[in-house]
Amino acid sequence: MRGLRVGAAFAVISAAAVFATTGWWPWRRMPQPVAEPAVARAEVAPAAIEVLDTLRRGETVSELFARHRVVDLDLGGLDPAPLDPRRMRAGLVFSFRSTAPDTLPSRISVRTSPEQRIIFHRGPDGWDAAVEPIAWTAEPVRIEGAIDNSLYEALDAGVADEQLDGADRQRLAWDLADVYAWQVDFTRDIQPGDRFQVVFERLVSEDGETRFGRVLASDLTMSGKSLTAFRFEADGQPAFYDAAGSSLRRAFLRAPVQFRRISSTFARARFHPVLGITRRHEGTDYAAAPGTPVMAAGDGVVLRAGRAGGYGNLIELRHRNGITTRYGHLRGFASGVRAGARVEQGQTIGYVGSTGLASGPHLHYEFRVNGVAKDSRRVELGNGAPIRDAIRADFTRERDRLLLLLHPPQRQEEDAPRSIAQQPTETQARWLP
């Protein structure tokens, strides 16, 4: 009996040992935590904090710096001085970069022009400065359309905001008008239904900013007549030529002001709005805003610059071959314009006004040959000088290259997803002065 009890006790103890080792007795064991492997954690540098601030009107650069607790940066003491604080204009945007909210700026940068940025670094021995160039890439843009009212309105409608802003679209219009300044008077010659095609450069910076570059080629179709222009540098001097290689430049501009509305034309008899009588009108009146620059129509010498009766403030220029030009009702004269001074074609000589017998601000322009007044809009100005034979082959290659941009093959237009002039881009930022 005693042996039976000993055997039973031994069996119970043995079973308990088995359950205990398997984790099922006296309760189910929780899983043992697994030790995490040791991981070396790198120190993460805090993100830099950048604050932008604008130089205000009447404010000095030192005052702007002091607003950001920078009092130890003397621009005049840097060698070489990267910029002159006395010539810094309001509107410049400065970037102040710090490593933490409560620390002083250690880096300051400012964009002083489209082509460069000035960067100041704080070092153990004070501040130093470096000039960082900004790279711009030129890309061609082609647009075309109808001129229903004015050239500017047509170009404004043909160029998207993503490509050029309003100011650059206006500059494109001015530059295209300058290309044809010897062939076209945009106040008279443009008619509804005329068309334009133009290839120009859009500059894109490494930061994604955009701005207008220059006109490369264009084609104006006016009253069924096509006027083409191709930019080419002959002997380092850029100019525009037609397809045959003749310069578009002539001895005289078609209009001495940027294209504006003609308020009164050359006429044998015209009712004078001030005098109230009918008399001969020997010039062309260009209505323009007061202060609009007036250009010399051709190279010449100033015969007189001063008051001249009903002309008000008048400039008269003498040119070759017995030709003189008169510019009346001016508000004032450009610096250096006086009797005996030489002027060049396109040079600003005065400013639109309403002096003398003028009912409103406009330029009265006369073109005289041997003392006889001629209609400046109908005078034959001859042909431009042809390209030199020595560089004609170079011109032909450039003309053909630009022709492909101006008139791309139809198949290429169909294969391309969209022309660049129709594509919204992601480079919408623009450098602001």
side-chain contact (heavy atoms from CB on, under 4.5 Å) evaluation trace for Leu253 with Met295:
CA-CA 9 Å; Leu253 302 173; Met295 300 175 290; 4.2 Å; yes
Heavy-atom count check: over 12 atoms from other residues, nucleotides or ligands less than 6.0 Å from [X] [atom1]?
X      : atom1 : answer
Arg392 : CZ    : yes
Arg195 : CZ    : yes
Glu63  : CD    : yes

Please confirm whether [X] and [Y] have ring centers closer than 6.0 angstrom.
X      : Y      : answer
His68  : Phe96  : yes
Phe395 : Phe232 : yes
His319 : Phe252 : yes
Tyr327 : Tyr365 : yes

Which pair of heavy atoms, one from [X] and one from [Y], lies closest together, and at what distance?
X      : Y      : value
His362 : Ala358 : CE1-CB, 3.7 Å
Tyr241 : Ala234 : OH-CB, 3.6 Å
Leu52  : Ser95  : CD2-CB, 3.7 Å
Arg89  : Thr112 : NH2-O, 4.0 Å
Val93  : Val110 : O-CG2, 3.6 Å
Asp168 : Arg211 : OD2-CA, 3.3 Å

Backbone of [Y] reached by a side-chain donor or acceptor of [X] within 3.5 Å:
X      : Y      : result
Asp242 : Ala229 : no
His407 : Leu405 : no
Arg368 : Thr325 : no
Arg331 : Ser354 : no
Arg56  : Leu64  : no
Arg326 : Thr324 : no
Ser113 : Glu115 : yes
Ser106 : Arg122 : no
Arg117 : Pro114 : no
Gln347 : Glu344 : yes

Lys/Arg N to Asp/Glu carboxylate O, [X] vs [Y], below 4.0 Å:
X      : Y      : result
Glu59  : Arg57  : no
Arg214 : Asp175 : no
Asp165 : Arg169 : no
Asp299 : Arg320 : no
Asp235 : Arg388 : yes
Glu380 : Arg254 : no
Glu233 : Arg231 : yes
Arg399 : Asp394 : no

Report yes if some heavy atom in the side chain of [X] is under 4.5 Å from a heavy atom in the side chain of [Y]; otherwise report no.
X      : Y      : answer
Gln116 : Pro133 : no
Glu209 : Trp136 : yes
Val204 : Glu139 : yes
Tyr286 : Val352 : no
Gln183 : Leu381 : no
Leu402 : Val199 : no
Lys374 : Val372 : yes
Val343 : Leu317 : yes

Distance, nearest 0.5 Å, that separates [atom1] of [X] from [atom2] of [Y]:
X      : Y      : atom1 : atom2 : value
Leu104 : Asp72  : CG    : CG    : 7.5 Å
Asp285 : Leu363 : CG    : CG    : 8.0 Å
Leu403 : Thr228 : CG    : OG1   : 7.5 Å
Arg97  : Phe120 : CZ    : CZ    : 14.5 Å
Phe333 : Thr348 : CZ    : OG1   : 14.5 Å
Thr137 : Glu201 : OG1   : CD    : 11.0 Å

Would you please test Tyr311 and His364 for ring-ring contact (aromatic ring centres under 6.0 Å, His included) and show each step?
CA-CA 8 Å; Tyr311 285 105; His364 174 83; 5.8 Å; yes
Phe65 vs Val71, test: side-chain contact (heavy atoms from CB on, under 4.5 Å). Steps then yes/no.
CA-CA 7 Å; Phe65 285 177; Val71 296; over 6 Å; no
Test side-chain contact (heavy atoms from CB on, under 4.5 Å) on Thr54 and Leu92 and set out the steps.
CA-CA 6 Å; Thr54 303; Leu92 286 177; over 6 Å; no
Check against side-chain contact (heavy atoms from CB on, under 4.5 Å), Tyr180 and Ser218:
CA-CA 10 Å; Tyr180 293 103; Ser218 60; 2.8 Å; yes
Leu172 and side chain to side chain contact (heavy atoms under 4.5 Å, CB included): which partner among Val141, Asp156, Val215?
Val215
What's the verdict on salt bridge (Lys or Arg N to Asp or Glu O under 4.0 Å) for Arg142 and Glu144, showing C-alpha distance, side-chain angles and the deciding distance?
CA-CA 7 Å; Arg142 176 187 179 274; Glu144 63 175 318; 3.3 Å; yes
